[in-house]
Each structure stands twice: as structure tokens, then as C-alpha cells.
Amino acid sequence: MGSHRRFAPSGFDRGAVCVLSTTAAALGALSAAVPTQAAPYDDTRAEVDRLYEEAEKATEAFNKAGERAGTLRRQVGDAQDRIARQQAHINDLRAQLGALAGAQYRSGGLDPSLALLFSEDPDDYLDTAAVLDRITLHQAGELKDLQDALRELGQERAEATRKLGELEKSRKAVARHKRTVEQKLAQARRLLNSLPSAERAAYDRASRSGRVPGLVDAVPASGRAAAAVAAARSALGRPYVWGANGPSGFDCSGLTQWSYAQAGVSLPRTSQAQAHAGRRVPLSQARPGDLVTYRSDAGHVGMYVGNGQVIHAPYPGAPVRYDPVGMMPVSAVTRP
């Protein structure tokens, strides 16, 4: 998010001062070439870059934890539904077995040989007894199977609940880290705002450099890609918001996820996962709608829209906007 804004060191060799100080003219020329405030300004920009990058990593970690927690919540809900259905089935079987037991009790519980002796229709008695035995054995076996399944589902629910608890703790930890980073960002923003307006403008210009030669305007790879590009364009100017995936605000992966959702395509929540959500293509073959992930950790993502530009949610304080595709080191181009 911020690494593309680093300025190169001034290259000023302090040893040269001793050599050139013998002539006032040379010293004056050197002073004019290297302003005395350059180093502090560079330090401020480097600190802001570092904090922006750290903040984006924290946000993506927060998003990943939230996505995993949501998946587990659905799994727990599904398990509870299955348990409820099977419990109802078990209750029905118990009622049926109870009715059979009652019928046997009402028959007087006679010894089978005596029951046969007193039966008016011995053949009918034998048929009924055989059917009753088969039903009882069948239902008892079915009840045991369902009880076993219920026990397994109970274990599954307990395990899922345990995992959910761990992930909730993880989300809270990431949220705490996020708040810490926000505090640092606020401090960095104050430092950046303390710079002269020309330095602040130079910082923003540096963040929007990096055009890649050879890229030409192209048509989207599919109708879905075209719809996603249209959605991303409709979000231009909306604010960067931590952990948000629209429609009023976005973080970087939230913008691309939301844009493709408008086209009926489901993307993962994080930039790292989005980097693998399709077919990889070379940057030289990028087409509108392709996802461009940045840095070696794929910690930032934007959508290529043609003519060497991406639309992305840059960082806090900067709205969704166009920037050159080469604004940061590109790690992958993915075609969903």
C-alpha cells in the first residue's frame, strides 16, 4: 500500500563537504542542490510508508480471520440443524418403540408357548410375533445408528464451536493490533500534514508514479469482467474504510470483491486469496477486469481497467481512484 511511495536516498556524500568547502561557490552550489530539510522530509515519508504497509497487512489479516469465522459459523449452524432433524427422528422412533412395548405389555406378557396355546389362530399369532420381532430389531438398530450419528455430530459441533472461539479470539487480537496501527497512522498523518504543501504534493505524486510501457487499451476478457470494471468505476471517490467491502467504503480487497459480486462472481475476501482466484496471466497481457496484486506478500490488490491503469482503494485518507498499474512491484495478475 505504501511501498511505492518511498523516495530514493538523496545520495549526498557528507565527505564531499570537506573537499568542496574550500570554495564558497562550490559549497553554495551543493547547498542549492541538496536542501537542508530533505533528510527529515524523507524520514517522514518513509515512516508513513512503513505504517501504511503495516496497517494494510493487519487489515488483510483481520479480513482473513473474519472470513474463516464466518465459515465456521455456517458450519456450526448446519451441524445444529442436522442434530435437530435427527433428534426429531429419534423421538419418532422412540414413540413407535414405546407403542410396540405397550402392545406387548397389554398382551399380558404371557409366555410365548402359553400365548400360542390360547391363541384362536395359531398361524396368525406366529406371523404377528415374527413381524413384531423384525420391526423391533430393525427399529432398535436404526435408533442405535442415529444415536451414534447424533454423538458424532455433537462432537463435530463441540469442535466447530471450539474453533470458532479460537478464531473469535484471533479476530479480537487482530482488531487490537489494527487499533494500534490506526493510532500510528494518525500520528504519521499529523507529521505528513506538518510538511510544506509542496512536500505533501510530492508525496502524493510519488504514490501515483510507475507507468508500465507496452500496455495498451484492451477489451475485458468477458462480460463478467466488464460488469466488474463498471462496478469499480462506480465506486470512484468513495473512501477507504478499514475492513469494509462496500458499498459506501472499501479496503483494497473489499473493493475488488464487491465489484465482482456485482457481476455475479464470488471472490475470496483477502488479496492473498484473490491472487489465486483464477488464471494467472503476464502483466503484458493484462485486460480490464484482471486483478493485480502487489508486493511479495500480495498484500495489496487493484483492478486493471486498461490503458496502464488500475482502480483501487489506496490507503486511509485516499479515496478509490485510478493509479498506474506499476505504482508498486506487481506480484501477480489474475483473471477470475
Side-chain angles (χ1 to χ4, degrees), residues 1-5 48-49 51-64 66-67 70 175 178-179 181-182 185-186 188-189 192-193 200-201 203-210 220 224-275 277 286 288-295 298-325 327-328 334 336:
M1 168 167 55
S3 58
H4 56 289
R5 291 180 289 275
V48 172
D49 283 341
L51 289 169
Y52 278 155
E53 185 171 338
E54 183 182 349
E56 189 158 48
K57 289 179 180 179
T59 300
E60 290 301 287
F62 178 84
N63 292 337
K64 183 177 181 180
E67 187 176 44
K178 174 182 166 182
R179 287 193 295 269
V181 174
E182 285 177 330
L185 282 174
R189 176 62 61 185
L192 192 60
N193 289 340
R200 292 199 301 272
Y203 180 88
D204 190 62
R205 283 196 302 272
S207 74
R208 311 186 73 168
S209 63
R224 295 181 305 177
V229 169
R233 285 186 170 133
S234 74
L236 287 167
R238 297 182 195 176
Y240 183 104
V241 178
W242 291 109
N245 59 349
S248 58
F250 304 90
D251 60 23
C252 67
S253 57
L255 173 63
T256 48
Q257 184 190 47
W258 177 84
S259 297
Y260 262 100
Q262 309 317 298
V265 178
S266 177
L267 289 182
R269 181 63 182 89
T270 67
S271 57
Q272 292 88 351
Q274 289 178 12
D290 290 350
L291 303 177
V292 184
T293 47
Y294 293 94
R295 300 193 303 262
H300 188 80
V301 63
M303 182 182 294
Y304 187 68
V305 292
N307 198 29
Q309 290 189 314
V310 295
I311 291 176
H312 70 137
Y315 50 83
V320 175
R321 69 188 189 191
Y322 291 102
D323 271 326
V325 68
M327 60 184 175
M328 286 183 273
T334 305

What are the two closest heavy atoms between [X] and [Y], and how far apart are they?
{"X": "T293", "Y": "A298", "result": "CB-CB, 4.2 Å"}
{"X": "W258", "Y": "A235", "result": "CZ3-CB, 4.2 Å"}
{"X": "C252", "Y": "G299", "result": "SG-O, 4.2 Å"}
{"X": "A263", "Y": "A228", "result": "CB-N, 3.9 Å"}
{"X": "S271", "Y": "S253", "result": "N-CB, 3.6 Å"}
{"X": "P319", "Y": "P314", "result": "O-CD, 3.2 Å"}

Just verifying a value: how many Å separate [X] [atom1] and [Y] [atom2], rounded to the nearest 0.5 Å?
{"X": "D290", "Y": "M303", "atom1": "CG", "atom2": "CE", "result": "9.5 Å"}
{"X": "Y294", "Y": "M327", "atom1": "OH", "atom2": "CE", "result": "4.0 Å"}
{"X": "H300", "Y": "E60", "atom1": "NE2", "atom2": "CD", "result": "9.0 Å"}

Could you tell me whether the side chain of [Y] reaches within less than 4.5 Å of the side chain of [X], counting heavy atoms only?
{"X": "T256", "Y": "F250", "result": "no"}
{"X": "R233", "Y": "Y322", "result": "yes"}
{"X": "P247", "Y": "R238", "result": "yes"}
{"X": "V305", "Y": "H312", "result": "no"}
{"X": "N63", "Y": "N245", "result": "no"}

Quiz item: So, T334 versus Q274: side-chain donor-acceptor pair below 3.5 Å or not?
Solution: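 T334 vs Q274: no donor-acceptor pair found between side chains.
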
Taking [X] for its side chain and [Y] for its backbone only, find out whether a donor-acceptor pair lies under 3.5 Å.
{"X": "E67", "Y": "R269", "answer": "yes"}
{"X": "Y260", "Y": "G264", "answer": "no"}
{"X": "Q257", "Y": "L267", "answer": "yes"}

